[in-house]
Enquirer: 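This structure is in C-alpha cells; I'll ask about it shortly.
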Amino acid sequence: MITLNDFYQGFRDPQTIRHLAQLIAQEAAKTDDQINIMEVCGGHTHTIMKYGLLQLLPDNIKFIHGPGCPVCVMPKERIDHAATLASQADTILVTLGDMIRVPGSMGSLAQFRAKGCDIRPIYDPLDTLTIARDNPDKTVIFFAIGFETSAPMTAALLAQAEALKIDNLLFHINHVLVPPAIDAVMSDSRSKVNAFIGPAHVSVISGAKIYQSTVDQYQTPVVVSGFEPVDVMESILRIVTQKVAGKAELDNQYSRSVSYEGNLAAQQLVDKYFMVRDSFRWRGLGPIANSALTLRPEYHHRDAERIYVKVLPTTEIDDHKACMCGDILRGLANPKDCKVFGRGCSPQTPLGSCMVSSEGACNAYYRYGEVSHAN
C-alpha cells in the first residue's frame, strides 16, 4: 500500500542530498565570488535549518533570510486592529493560528482572549462560514493574512458569503505580495543579495512569471523551489551554475506543480474581489507601495477596516528596541546577531514576530540551530 510518506521520502533521501552537496561544491569552486542567496520564504528557512543544509555548503555560499513570513511582516498596529475588533460587543474574531500569539502594542490576541474576547483560531478559512451561520446574532470578522498563496482562499470565503447571503461576516484584509517586498529589499543600498530562491506555493497560484521583473531589473538569478531538502539543494545547484556561467535567469525547479502562468482560475477569483492597495506598512520594511490587497469598492459592505474606521488605532508602532526582527526581515541581520535571541526571546516568551511564527527565521534558528537555551 502506498502512503503519503512514500511520496516525499525521496525528496529527503540523505544520499541524494549529499550527492547534490558535492555537485554544488564542485560548481562553487569555479568562482571566487560570494553567492548570497535570499530564501524569501520562512518555509525554506526551516528546511535549511531542520535538515542542516547550511553545514553542507561551501564557504562562498551564504543564506540571507527574507521577508516571506506573513505573520512576521505584520506591523503591530495591524495586530492592534485585530485586538480592537475583537473587543467590540457581540463580535467574534477569526484568524489563523500563529497570529494569536504575536504581540501588538496592547498585547497579543491570546491575552485578549484570556480577558474574555471571543477569538477563534482556524486552519481552514471556510470554517468561518460555519461560525457565522452558528452565531447569527454576532458579527464575525475574518482577520485575513498571507501572501498570494492564501488570498484565493479568502476570496472563496467571500464568494460563499455573498452567494449564501451570510450578512454577519466581515473581513479585515492583510494579504501582502512578494514581488514588491523583493523590490524593497533590493532597493536598500546595504543589501548584499545576489540570488533568490522563490517560494513555490506562491508561484503555484501566481506563476513563476511574477519573478521575471526581479531577474530583469536586478540581474539576479531566481529559482522557484519546492520545500523539501532535495528541492532546496537542487535549486542551490541551479543558482550556482548560473552564477558561474555569468547568467541571471528565471528558473523553475518545482515544475511538478508550478507553471510560468500559474493558476489562472485562482488569479481570476482574487481579481474579482480584491484590488491592489496603494501602500501597506510592513514590519521591518516600512511602507511599500502596491504591496498588498484590499477589497474592491463593491464589497466595502464587508470591509471591517472601513466599517470600524472610527475605533481602529492609526498610530504606527515600531518593534521593541531590543528586537532585531526588522533587520532580519530586511536581510541585514542573522537571528544570532540579536542580543535577546535565545535569552529574553524564545518561542515560549517571544519578543518579536520572527520568534513567534512557526515560519519565522528566529524560530527556525532556535529550534534547529546550535544555540544555548539560556533562561
Side-chain angles (χ1 to χ4, degrees), residues 8-66 68 182 185-186 188-200 203 208 211-212 214-256 258 328 330-337 361 364-365 368-371:
Y8 63 73
Q9 277 307 314
F11 294 101
R12 300 178 182 180
D13 177 55
Q15 188 173 351
T16 304
I17 294 171
R18 282 194 291 269
H19 179 63
L20 284 167
Q22 291 173 354
L23 294 177
I24 291 169
Q26 291 170 10
E27 200 68 17
K30 299 175 184 176
T31 179
D32 294 327
D33 294 340
Q34 181 77 31
I35 302 173
N36 298 317
I37 304 171
M38 172 170 275
E39 82 277 7
V40 177
C41 180
H44 283 137
T45 306
H46 274 253
T47 297
I48 290 163
M49 298 304 297
K50 180 177 180 179
Y51 293 96
L53 305 186
L54 199 62
Q55 292 85 341
L56 297 175
L57 299 177
D59 293 338
N60 62 337
I61 297 178
K62 180 182 178 183
F63 285 117
I64 296 176
H65 314 301
I182 289 178
V185 168
M186 295 303 284
D188 191 322
S189 60
R190 297 168 293 175
S191 175
K192 297 180 180 178
V193 178
N194 56 20
F196 287 94
I197 290 179
S203 286
Y211 301 113
Q212 190 63 59
T214 300
V215 172
D216 295 340
Q217 184 173 354
Y218 304 109
Q219 291 299 298
T220 58
V222 177
V223 177
V224 178
S225 175
F227 290 90
E228 295 295 338
V230 167
D231 289 324
V232 174
M233 292 296 280
E234 183 182 353
S235 297
I236 295 167
L237 177 59
R238 292 187 183 198
I239 285 173
V240 176
T241 301
Q242 282 197 46
K243 299 295 282 187
V244 170
K247 296 181 178 178
E249 297 175 343
L250 174 61
D251 192 7
N252 178 18
Q253 182 274 335
Y254 201 66
S255 58
R256 58 188 185 273
V258 169
I328 293 167
R330 286 196 297 269
L332 301 177
N334 184 286
K336 291 186 178 178
D337 295 333
Y365 270 72
Y368 307 119
E370 295 178 358
V371 297

Enquirer: Of all the heavy-atom pairs spanning Gly10 and Val230, show the shortest one and how long it is.
Expert: O-CG2, 3.8 Å

Enquirer: Once rounded to the nearest 0.5 Å, what's the spacing between atom CG of Leu53 and atom CE of Met233?
Expert: 5.5 Å

Enquirer: Please find the pair of heavy atoms, one from His44 and one from Pro199, that lie closest to each other, and give the distance.
Expert: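 Reported closest heavy-atom pair: CE1-CA, 3.7 Å.
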
Enquirer: Any side-chain heavy atom of Asp251 sitting closer than 4.5 Å to one from Gln242?
Expert: yes

Enquirer: Quick one: are Lys62 and Lys192 in side-chain contact, heavy atoms under 4.5 Å?
Expert: no

Enquirer: Which heavy-atom pair separates Glu39 from Thr45 by the least distance, and what is that distance?
Expert: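 That closest heavy-atom pairing would be OE2-OG1, 2.8 Å.
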
Enquirer: For the residue pair Pro229 and Ile17, what are the closest heavy atoms and their distance?
Expert: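 Where Pro229 meets Ile17 most closely, the heavy atoms are CB-CD1, 3.7 Å.
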
Enquirer: Going by heavy atoms in the side chains, are Asn334 and His65 under 4.5 Å from each other?
Expert: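 They are in contact (side-chain heavy atoms under 4.5 Å apart), so the answer is yes.
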
Enquirer: Mark yes when over 12 heavy atoms from residues, nucleotides or ligands other than Gln219 sit less than 6.0 Å from its CD; otherwise mark no.
Expert: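 It does: Gln219 CD has more than 12 such atoms within range.
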
Enquirer: side-chain contact (heavy atoms from CB on, under 4.5 Å) with Ser225: which of Ile239, Asn252, Val232, Val40?
Expert: Val232

Enquirer: Under a 4.5 Å cut-off applied to non-hydrogen side-chain atoms, are Ile197 and Ile236 in contact?
Expert: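 A side-chain contact exists here, since the closest heavy-atom pair is under 4.5 Å.
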
Enquirer: Within the side chain of Thr16, is there an N or O that forms a donor-acceptor pair under 3.5 Å with the backbone of Arg12?
Expert: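 No: the side chain of Thr16 does not pair with the backbone of Arg12.
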
Enquirer: Which atom names give the shortest non-hydrogen contact between Tyr368 and His46, and what distance separates them?
Expert: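 For Tyr368 versus His46, the nearest heavy atoms are CE1-ND1, 3.6 Å.
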
Enquirer: Grab the two heavy atoms, one from Val224 and one from Leu250, that are nearest each other, plus how far apart they are.
Expert: CG2-CD1, 4.5 Å

Enquirer: Is any side-chain heavy atom of Ser191 closer than 4.5 Å to a side-chain heavy atom of Met38?
Expert: no

Enquirer: How about Gln15 and His19: do any of their side-chain heavy atoms sit closer than 4.5 Å?
Expert: no

Enquirer: Would you say that Thr220 contacts Thr214 through its side chain, given a criterion of any heavy-atom pair below 4.5 Å between the two side chains?
Expert: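 With C-beta onward as the side chain, the pair touches.
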
Enquirer: With no hydrogens and no angle check, is any side-chain donor or acceptor of Asp188 less than 3.5 Å from a backbone partner on Val185?
Expert: no

Enquirer: Side chains of Asn194 and Ile35, heavy atoms from C-beta outward: is any pair under 4.5 Å?
Expert: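 Contact flag for Asn194/Ile35 side chains = yes.
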
Enquirer: Drop me the distance from Phe11's CZ to Phe227's CZ, to the nearest 0.5 angstrom.
Expert: 13.5 Å

